[in-house]
Engineer: 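Quick one: this structure, given as structure tokens, is what I'll be asking you about.
Quick note on labels: first sequence line is chain A, next is B, and so on, each numbered from 1. Keep in mind it's a predicted model, so treat the numbers as computed, not measured.
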Number of protein chains: 2
Amino acid sequence: MRIGVLAKATGVSVPTIRYYESIGLLTPPARQGGQRVYGSEDVKVLSLIRHCRDLDFSLDAISDILASVQRRLPCSDTKVFAEQHLRSIRKKIAELRTLETTVAGLVSGCETTCCGSTAPDCVILQPSQACCG
Amino acid sequence: MRIGVLAKATGVSVPTIRYYESIGLLTPPARQGGQRVYGSEDVKVLSLIRHCRDLDFSLDAISDILASVQRRLPCSDTKVFAEQHLRSIRKKIAELRTLETTVAGLVSGCETTCCGSTAPDCVILQPSQACCG
DNA sequence: GCTTGAACCTCAAGTGGCTTGAGGGCGTAG
DNA sequence: CTACGCCCTCAAGCCACTTGAGGTTCAAGC
């Protein structure tokens, strides 16, 4: 199978497949007339990569995951990767929630206190919680 | 004031200040003996940029915000920027929550169904919701 | 056998928001 | 006059790709 077929089979774009090969995430396949030729194993590996990217694992983490798959390490290792990832997702959510609260507070502060003043005096743009009052 | 003093006054690193100048976010200051010399207005502008970065506005958005400040446009413009930003924050939170649910489900699925199998068969790494059953 | 068009190839640069490093110049205190 | 800290420019690195230029190979139709 050629690269375009592999791309359709896995949902990974052709340039991305070549990119994965260039960084060593995929092993370079055989060539026929200069063109890459893939087998069914490549579909499995690339589908796994795609699945992990859908879960937003980094390519570095995916590299580790692939290694643990190829070595048939115990499932617990996989779970550790997923738990680490889950922690970083939760941390990011917490950060964004704080940010959401802050920005939402500024927007409503602008509505109640700015009373149609100009941008330089807007509550939203004040370094601390100073007001345009 | 030299760049190091400006950096300390605003909490923005020296290379970052030079970077902001290079992309046109800060106007190039006067020079003395080849070295940048800043005034109090620069502290104000850079502090505003810092504040907006703390709120996670993109540099593109900050560029627009600075323009609205310099033109003394009405506060409502600022609020529009903040509201757009708030929407994108909320969208991102929603995406991350979905991801959190998915990954958390996979981790607990691994705990209950994988029963110590190997990585290639782990629930976490299966493309669909197939199990190692 | 020849042409056409799709799919393939490599290499380089762009995205965002910086950071880091190399290799050198300026300013001031002792 | 030397030492040290601060300053300068330019280039490359980070992440995960995407986009583009310019050229080659393959399969189908005539």
Engineer: Does D:dA16 have OP1 or OP2 sitting under 4.0 Å from an N or O in the side chain of A:Thr16?
Structural biologist: no

Engineer: Output yes when at least one side-chain N/O atom of B:Arg18 is less than 4.0 Å from OP1 or OP2 of C:dT19, else no.
Structural biologist: no

Engineer: Can you tell me the distance, in whole Å, between the CD1 atom of A:Ile49 and the P atom of D:dA16?
Structural biologist: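 That distance rounds to 12 Å.
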
Engineer: Would you tell me if any nitrogen or oxygen in the side chain of B:Tyr20 comes within less than 4.0 Å of OP1 or OP2 on C:dC18?
Structural biologist: yes

Engineer: So, does A:Arg36 get its side chain near the phosphate of C:dT10, meaning an N or O under 4.0 Å from OP1 or OP2?
Structural biologist: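 So the side chain of A:Arg36 is within the cut-off, an N or O lying under 4.0 Å from OP1 or OP2 of C:dT10.
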
Engineer: When the distance from OH of A:Tyr19 to C1' of C:dC11 is rounded to whole Å, what number comes out?
Structural biologist: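 Rounded to whole Å, this separation is 16 Å.
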
Engineer: At their closest point, which heavy atom of B:Val123 faces which heavy atom of B:Leu106, and how far apart are they?
Structural biologist: O-CD2, 3.9 Å

Engineer: Within this structure, what is the CG-to-P distance between B:Leu46 and C:dC18, rounded to whole angstrom?
Structural biologist: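 Result: 11 Å.
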
Engineer: May I have the distance from B:Leu25 (atom CG) to C:dC18 (atom P), rounded to whole angstrom?
Structural biologist: 9 Å

Engineer: Nearest heavy-atom pair of B:Arg36 and B:Arg18: which atoms, and what distance?
Structural biologist: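 Shortest heavy-atom separation between B:Arg36 and B:Arg18 comes out as NH1-CD, 3.5 Å.
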
Engineer: For B:Ser58 and C:dG16, is the shortest distance between a side-chain N/O and OP1 or OP2 below 4.0 Å?
Structural biologist: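 Indeed not, no polar side-chain atom of B:Ser58 lies that close.
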
Engineer: Specify the separation, in whole Å, of atom CZ of B:Phe57 and atom C1' of C:dG17.
Structural biologist: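 Rounded to the whole Å, the gap is 16 Å.
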
Engineer: What is the distance from CD of B:Gln35 to C1' of D:dC8, rounded to the nearest Å?
Structural biologist: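 Computing the B:Gln35:CD to D:dC8:C1' distance gives 7 Å.
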
Engineer: Nearest whole Å is fine: how far is D:dC15 C1' from A:Asp60 CG?
Structural biologist: 10 Å

Engineer: Heavy-atom nearest nucleotide on DNA chain D for A:Pro15 versus A:Gly34: which residue maps closer to 5'?
Structural biologist: A:Pro15

Engineer: Roughly how many Å is it from CD1 in A:Ile17 to P in D:dA16, rounded to a whole number?
Structural biologist: 17 Å

Engineer: If you assign B:Ser13 and B:Arg2 each to the DNA chain C nucleotide with the nearest heavy atom, which residue ends up on the more 5' nucleotide?
Structural biologist: B:Ser13

Engineer: Salt-bridged, B:Glu95 to B:Lys92, with N to O below 4.0 Å?
Structural biologist: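 Answer for the salt bridge query: yes.
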
Engineer: So what does A:Ile3 touch, heavy atoms closer than 4.0 Å: a base, only the sugar-phosphate, or nothing?
Structural biologist: sugar-phosphate

Engineer: Return the minimal non-hydrogen interatomic distance between A:Leu25 and A:Leu66, and the atom names on each side.
Structural biologist: O-CD1, 3.9 Å

Engineer: Is the distance from OP1 or OP2 of C:dG25 to the nearest side-chain N or O of B:Arg31 less than 4.0 Å?
Structural biologist: no

Engineer: So, for A:Thr10 and A:Arg50, which heavy atoms are closest and what is the spacing to 0.1 Å?
Structural biologist: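 What the structure gives for the nearest pair is O-NE, 3.3 Å.
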
